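All values reported here derive from a predicted model rather than from experimental measurement. Lettering follows sequence order; numbering is per chain, from 1.
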Amino acid sequence: MVPTTHYLVLGAVLFGIGALGVIVRRNVITMFMCVELMLNAVNLTFVAFSRMLGQVDGQIFVFFVMVVAAAEAAVGLGIIVVLSKRKDSLDVDQIDQLKW
Amino acid sequence: MELVAFYIFAAVAVASAVVVVLQRRAIYSALALIVCLGSIALLFFQLGAPFIGAVQVIVYAGAIMVLFLFVVMLLDPASEVFSKNRLRALTFVGVPFAVLFVMVLTSTLGGFGTPPMAIPTNAMDQTVTVARHLFREYLLPFEVTSVLILVAVIGAIVLTKRPN
């Protein structure tokens with residue numbers, strides 16, 4: 001039997017790595033992927049607690065987190081495609097105007 | 001034995017996460033993220049959540065990551081340049097702060113012990129339990145997420161429509 005704390009620590013480590021990636025990277029798509037990494041770390045924490053408490057509610061919340069992540073990825077990537085076609089660059093530091 | 005399996009899955013997840021963050025080309029980051037999602041799905045299976053593990057593989061690694069790969073291949077991003085200053089900032093400020101962040105996150109963890117076998121470990125029973133809760137107590141959020149997906153589809157189409 002694996003203690004629950006192991007899963008929680010792993011979730012925290014993955015969340016920290018994802019947060020580091022969002023801050024350090026400049027490519028918009030890679031930043032998006034690091035956000036997905038953070039969401040997955042949270043999913044892992046939810047399922048670990050669901051297992052510890054013996055309830056299934058944590059897994060249902062993971063279901064909803066996945067749905068929201070899918071919707072967010074679809075709209076966000078649409079925005080990125082349009083943005084890169086206009087600006088011809090995927091560098092976040094160059095997207096610095098509200099309206100062009 | 002389960003502990004050994006956990007450490008293997010955890011090592012693969014952390015290693016591929018580090019590759020996602022540090023790799024210069026976006027396509028390699030995407031492939032590493034698929035590996036990470038696969039190892040997290042294995043952890044879900046080990047935690048007694050086969051339905052969520054299967055949904056993770058099908059939806060996350062199978063649909064969302066394919067969407068990412070489409071966009072990466074469509075836009076063909078150039079290799080990101082890690083300037084010397086940024087590498088220096090990463091090693092001397094970024095990584096210590098990330099370590100500090102993780103330590104703060106885990107500082108309040110007590111020993112939670114090993115979990116009881118309360119969730120039925122038969123995959124069929126477990127899926128039935130999830131479905132039972134999803135369509136009774138959580139019916140409203142379920143229907144709201146369907147509206148959310150509709151909004152996302154409309155938004156994606158409106159955003160990428162060519163102005164005639």
- Given the rule in the side chain to side chain contact (heavy atoms under 4.5 Å, CB included) test, do B:Val128 and B:Arg132 qualify, once you have shown the distances and angles that lead to the verdict? CA-CA 6 Å; B:Val128 164; B:Arg132 194 168 282 147; 3.5 Å; yes

- Message: Need one label for B:Ile64: side chain, backbone, both or neither, based on atoms under 4.5 Å from any heavy atom in chain A.
- Response: side chain

- Message: With a 4.5 angstrom heavy-atom cut-off, is it the side chain or the backbone of A:Ala19 that approaches chain B, or both, or neither?
- Response: side chain

- Task: Sort A:Ile29 into side chain, backbone, both or neither according to what part of it lies under 4.5 angstrom from a heavy atom of chain B.
- Result: both

- Can you tell me if A:Ser50 uses its side chain to pair, donor with acceptor, with the backbone of A:Gln55 under 3.5 Å? yes

- Query: Hey, which of A:Val9, A:Thr30, A:Leu44 has the most heavy atom pairs under 4.5 Å with chain B?
  - Reply: A:Leu44

- Which bit of B:Met103 is near chain A, if near means a heavy-atom gap under 4.5 Å: side chain, backbone, both or neither? neither

- Message: Please classify the contact of B:Leu3 with chain A as side chain, backbone, both or neither, using a heavy-atom distance under 4.5 Å.
- Response: both

- Query: Can you check whether B:Gln23's main-chain N or O pairs, donor with acceptor, with A:Arg25's side chain at less than 3.5 Å?
  - Reply: yes

- Among B:Val59, B:Val95, B:Val130, B:Ile149, which has the most heavy-atom pairs under 4.5 Å with chain A? B:Val130

- Atom group of B:Tyr138 that falls short of 4.5 Å from chain A, counting heavy atoms: both

- Region of B:Leu33 that comes under 4.5 Å of a non-hydrogen atom in chain A: side chain

- Top of A:Leu10, A:Val67, A:Asn40 for chain B proximity - count of heavy-atom pairs under 4.5 angstrom: A:Asn40

- Query: Between A:Asp57 and chain B, which part of the residue has a heavy atom less than 4.5 Å away: side chain, backbone, both or neither?
  - Reply: both

- Do A:Leu8 and B:Thr106 come within less than 4.5 Å of each other through their side chains, counting heavy atoms only? no

- Which region of B:Ala30, side chain (C-beta onward) or backbone (N, CA, C, O), has a non-hydrogen atom less than 4.5 Å from a non-hydrogen atom of chain A, or is it both or neither? both

- Task: Check whether A:Val28 gets within reach of chain B through its side chain, its backbone, both or neither, counting any heavy atom under 4.5 Å.
- Result: neither

- Heavy-atom distances under 4.5 Å only: say whether B:Leu22 touches chain A with side chain, backbone, both or neither. backbone

- Heavy atoms, side chains only, cut-off 4.5 Å: are B:Phe68 and A:Glu36 in contact? yes

- Task: Pick whichever of A:Ile17, A:Leu39, A:Val75 has the most heavy-atom pairs under 4.5 Å with chain B.
- Result: A:Ile17

- Query: Is the closest side-chain heavy-atom distance between A:Val24 and B:Val21 below 4.5 Å?
  - Reply: no

- In terms of heavy-atom pairs under 4.5 Å with chain A, the winner among B:Val20, B:Ile157, B:Val102 is B:Val102

- Item | Options A:Ala12, A:Gly16, A:Gly11, ranked by heavy-atom pairs under 4.5 Å with chain B, top entry | A:Ala12

- Query: With side chains defined as the heavy atoms from C-beta onward, is the minimum distance between B:Ile52 and A:Met66 less than 4.5 Å?
  - Reply: yes

- Message: Assess the residue pair A:Thr4 and A:Arg51 against the criterion (side chain to side chain contact (heavy atoms under 4.5 Å, CB included)); give the C-alpha distance rounded to whole Å, side-chain angles, the decisive distance to 0.1 Å, and a yes or no.
- Response: CA-CA 8 Å; A:Thr4 311; A:Arg51 173 65 190 251; over 6 Å; no

- Student check: side-chain heavy atoms of B:Gln56 and B:Ile40 closer than 4.5 Å: yes

- Atom group of B:Phe142 that falls short of 4.5 Å from chain A, counting heavy atoms: both

- Query: When the ring planes of B:Phe51 and A:Phe63 are compared, do they come out parallel, tilted or perpendicular, using 30° and 60° as the limits?
  - Reply: parallel

- Query: Hey, does A:Ile80 have a side-chain heavy atom less than 4.5 Å from the side chain of A:Leu77?
  - Reply: yes

- Item | Contact origin within B:Leu75 toward chain A - heavy atom pairs under 4.5 Å | side chain

- Message: Is any side-chain heavy atom of A:Leu37 closer than 4.5 Å to one of B:Cys36?
- Response: yes

- Message: Can you tell me which portion of B:Gln46 sits under 4.5 Å from chain A's heavy atoms? Options are side chain, backbone, both or neither.
- Response: both

- Query: Does a side-chain heavy-atom distance below 4.5 Å link A:Glu72 with A:Phe32?
  - Reply: yes

- Message: What part of B:Tyr60 gets within 4.5 angstrom of chain A, counting heavy atoms only: side chain, backbone, both, or neither?
- Response: side chain

